[in-house]
Protein chains: 2
Amino acid sequence: MNRSASIKDVASHAGVAVGTVSNVLNYPDRVSPRTKERVQRAIDELGFVRNDAARQLRAGQSRTIGLIVLDVGNPFFTAVARAAEDAAARQGSAVLLGDSGHNAGRESNYIDLFQEQRVQGLLISPVGDVTERLDQLRERGVHTVLVGRLADESKYSSVSVDDDAGGYLAARHLLDTGRRRLAFVGGPASIRQIADRLQGAERAVKEEPDATLEVLDSEGQTVLAGRSMGNRLVDRGRAELPDGIFCANDLLALGVMQSLAMTHQLRIPEDIALIGYDDIDFAVSAVVPLSSIRQPTEELGRTAVELLVEEAESDHPKHRAVIFTPELVVRQSTGAARSAPSAAAEVP
Amino acid sequence: MNRSASIKDVASHAGVAVGTVSNVLNYPDRVSPRTKERVQRAIDELGFVRNDAARQLRAGQSRTIGLIVLDVGNPFFTAVARAAEDAAARQGSAVLLGDSGHNAGRESNYIDLFQEQRVQGLLISPVGDVTERLDQLRERGVHTVLVGRLADESKYSSVSVDDDAGGYLAARHLLDTGRRRLAFVGGPASIRQIADRLQGAERAVKEEPDATLEVLDSEGQTVLAGRSMGNRLVDRGRAELPDGIFCANDLLALGVMQSLAMTHQLRIPEDIALIGYDDIDFAVSAVVPLSSIRQPTEELGRTAVELLVEEAESDHPKHRAVIFTPELVVRQSTGAARSAPSAAAEVP
DNA sequence: TCGTAACAATGAAACGATTCAAAAAAGTCG
DNA sequence: CGACTTTTTTGAATCGTTTCATTGTTACGA
């Protein structure tokens with residue numbers, strides 16, 4: 001079988017017209033059971049598979065949605081991608097996944113590719129400033145939803161997570177469990193998300209007159225950065241130590257935890273409570289299970305697709321910016337046992 | 001702009017024939033500079049973007065390669081995917097990435113989708129037994145390369161990594177650094193890769209008359225499984241302990257490391273050397289940086305694409321099974337400092 | 001000036017599915 | 001049985017690109 005069978009082959013093999021075969025495929029009710037069965041047999045015998053290129057050429061649009069993420073290795077994006085795929089599948093579309101790897105060139109290539117594919121729309125976590133490209137897309141009628149970044153509502157729809165609220169949640173939780181000398185570990189402040197998380201934490205601390213917040217600027221957000229920050233803390237006199245630490249992400253928190261665990265002079269959560277951000281897989285299986293802030297990735301992905309569909313279907317594009325609130329996940333590292341004794345409190 | 005501009009619009013706008021526009025796009029040399037310039041301006045003014053559906057309808061084949069992985073969240077697959085993308089891009093194709101999530105149903109959906117898209121070929125890490133589906137594909141002329149699994153060479157090409165060799169490497173390294181009472185942590189043995197790694201380790205141990213290998217069957221391959229295994233070890237008398245542990249993957253190894261670090265009676269690598277498998281990101285930033293076995297993911301992805309192209313271009317399909325050998329990555333957990341003092345030996 | 005290469009530009013045909021007006025077939029009822 | 005409605009089937013037109021045989025144009029030497 002050199003060239004795959006076309007609808008025409010099926011038609012002649014079944015002794016019917018091409019229109020009838022098409023009807024069997026798309027409007028089975030219009031076809032009598034007898035011919036339907038005959039056509040079906042022809043399809044099976046020839047191993048016929050619809051040619052999607054021809055379909056979408058006729059339809060003028062494909063049944064796919066483009067999704068460009070910053071890094072497929074990042075669990076945040078893989079979770080979003082998976083949710084987007086499910087949501088798309090539910091309404092008969094597929095998702096084309098592109099990984100820009102924080103690289104504007106690759107991002108641009110994917111935008112071109114997806115445009116040539118005539119995707120129904122584009123979901124994108126942009127690298128830097130792409131407003132120009134996106135404006136161009138808008139002019140060409142390609143609907144776009146920004147993922148994980150708040151957008152100017154007059155121009156685009158977007159789904160994002162409220163980092164300020166997340167920071168507030170984390171700090172508030174430390175305060176609620178009796179901590180008063182808080183520290184924020186993270187940096188650089190030039191990263192929007194980190195600045196927002198800090199701002200939220202400050203907001204919470206201001207609510208308690210006797211609470212303080214010390215800001216510790218880390219170099220990057222890696223486990224190693226967290227560990228060196230932890231080592232600096234351990235070197236301090238006990239009186240100068242914070243009693244609750246909020247790290248801008250889980251990697252930092254795990255690093256801090258490592259250095260405290262290694263020196264064995266400070267216990268978590270008795271001496272210092274620790275909370276991270278992102279709720280990565282490793283948070284649960286840390287030496288002391290790490291409390292964290294979970295981003296609603298499933299909702300992000302699902303909603304992004306829904307906004308896109310909504311926008312594509314209405315003639316008068318109305319943009320919406322949906323902002324999700326993250327969620328507090330309490331584990332042992334913030335002394336859950338104190339306020340709510342549970343099975344999770346068993347220390348190995 | 002309601003409907004996007006077609007090549008016909010460009011032609012009339014530039015005052016030339018459609019064929020000329022097509023030539024500008026595909027064979028610029030055939031067109032005189034003057035008309036080329038005129039056409040180019042029309043393209044820019046109308047914001048013309050090629051319709052890929054029409055292109056591939058004419059061409060009979062798309063410029064995409066389908067890749068179905070078991071889990072996009074798994075760093076192994078994301079690395080393979082990235083390499084495959086690069087390799088594909090280098091020869092003008094794009095990769096459609098599908099995530100089966102170890103689910104045969106989703107896998108089947110992607111196979112259908114990719115077939116309808118008339119992909120140039122399929123790279124797949126199959127869920128369970130898909131030989132039937134794949135045979136069907138082969139009949140329909142869709143070339144397929146299996147990724148990460150050795151295939152019957154008479155039927156398919158494949159790229160895979162030699163797990164036996166990896167196991168040998170790991171155990172040989174422990175032996176070379178003076179360890180004699182080795183333990184293998186991992187399970188269940190029903191998983192092919194794990195069985196192979198164990199087999200390789202056994203092969204190495206047999207080379208040293210005075211060395212022994214104890215097999216510890218873990219429940220799953222998670223950090224928690226590793227930790228509970230570690231706890232069981234710590235409870236043993238010192239004389240009964242292994243002096244070198246090879247874990248079937250890095251998660252297990254990190255778990256074992258956690259439990260040893262927590263009890264602080266056994267030091268790594270002085271009392272027990274530890275090596276994992278996969279070289280995940282966290283291996284570097286463990287409390288004691290973890291030695292590991294790295295799989296050549298880039299080569300896998302690149303070679304998979306190359307095999308596919310090779311197969312698609314030759315008329316007489318000749319299948320090949322390419323097996324890569326993994327690589328030893330020495331870090332502190334196996335006492336690199338002993339044999340080769342280096343900067344990496346600095347303990348914080 | 002003419003003949004002939006060499007080069008440019010043309011436009012109809014083809015790819016494979018869907019659509020839809022029209023024709024054909026099957027039912028219904030007096 | 002004939003007039004009518006309903007259901008089923010038909011097949012030409014269409015989507016946007018590429019291909020390629022054909023026609024038109026230019027350049028150059030005789």
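No experiment lies behind these values; they were computed from the predicted model shown. Chain A is the first sequence line, chain B the second, and so forth, proteins listed ahead of strands; every chain is numbered from 1.
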Distance, rounded to the nearest Å, where [X] contributes [atom1] and [N] contributes [atom2]:
X	N	atom1	atom2	result
A/I7	C/dT18	CD1	P	5 Å
A/F48	C/dA17	CZ	P	4 Å
A/K36	D/dT9	NZ	P	10 Å
B/D9	D/dG16	CG	C1'	10 Å
B/N51	D/dT14	CG	C1'	14 Å
B/L57	C/dG16	CG	C1'	5 Å
A/R34	D/dT7	CZ	P	18 Å
A/R118	D/dT17	CZ	C1'	11 Å

With sugar-phosphate meaning primed atoms plus P, OP1 and OP2, does [X] contact a base, only sugar-phosphate, or nothing at under 4.0 Å between heavy atoms?
X	answer
A/N26	sugar-phosphate
A/S32	sugar-phosphate
B/V16	sugar-phosphate
B/G60	nothing
B/V31	sugar-phosphate

Could you tell me whether a side-chain N or O of [X] sits under 3.5 Å from a main-chain N or O of [Y], the two making a donor and an acceptor?
X	Y	value
A/Q295	A/D278	no
B/T297	B/V80	no
A/T303	A/E299	yes

Crowding at CZ, A/R192 (>12 non-hydrogen neighbours, <6.0 Å): no

CG (B/N103) with more than 12 external heavy atoms under 6.0 Å: yes

Any idea which of [options] is nearest the [X] side chain?
X	options	value
A/R58	C/dG16, C/dC15, C/dT10	C/dG16
B/T20	C/dT18, D/dT10, C/dA9	C/dA9
B/T35	C/dT18, C/dA9, D/dT17	C/dA9

Contact nearer the 5' end of DNA chain D, comparing A/R30 with A/G19: A/R30

Comparing A/R50 and B/R38 on DNA chain C - which has the more 5′ nearest nucleotide: B/R38

Under 4.0 angstrom between A/Y27 side-chain N/O and D/dT8 OP1 or OP2: no

No-H, no-angle donor-acceptor pair, B/R55 side chain to D/dT17 base, under 3.5 Å: no

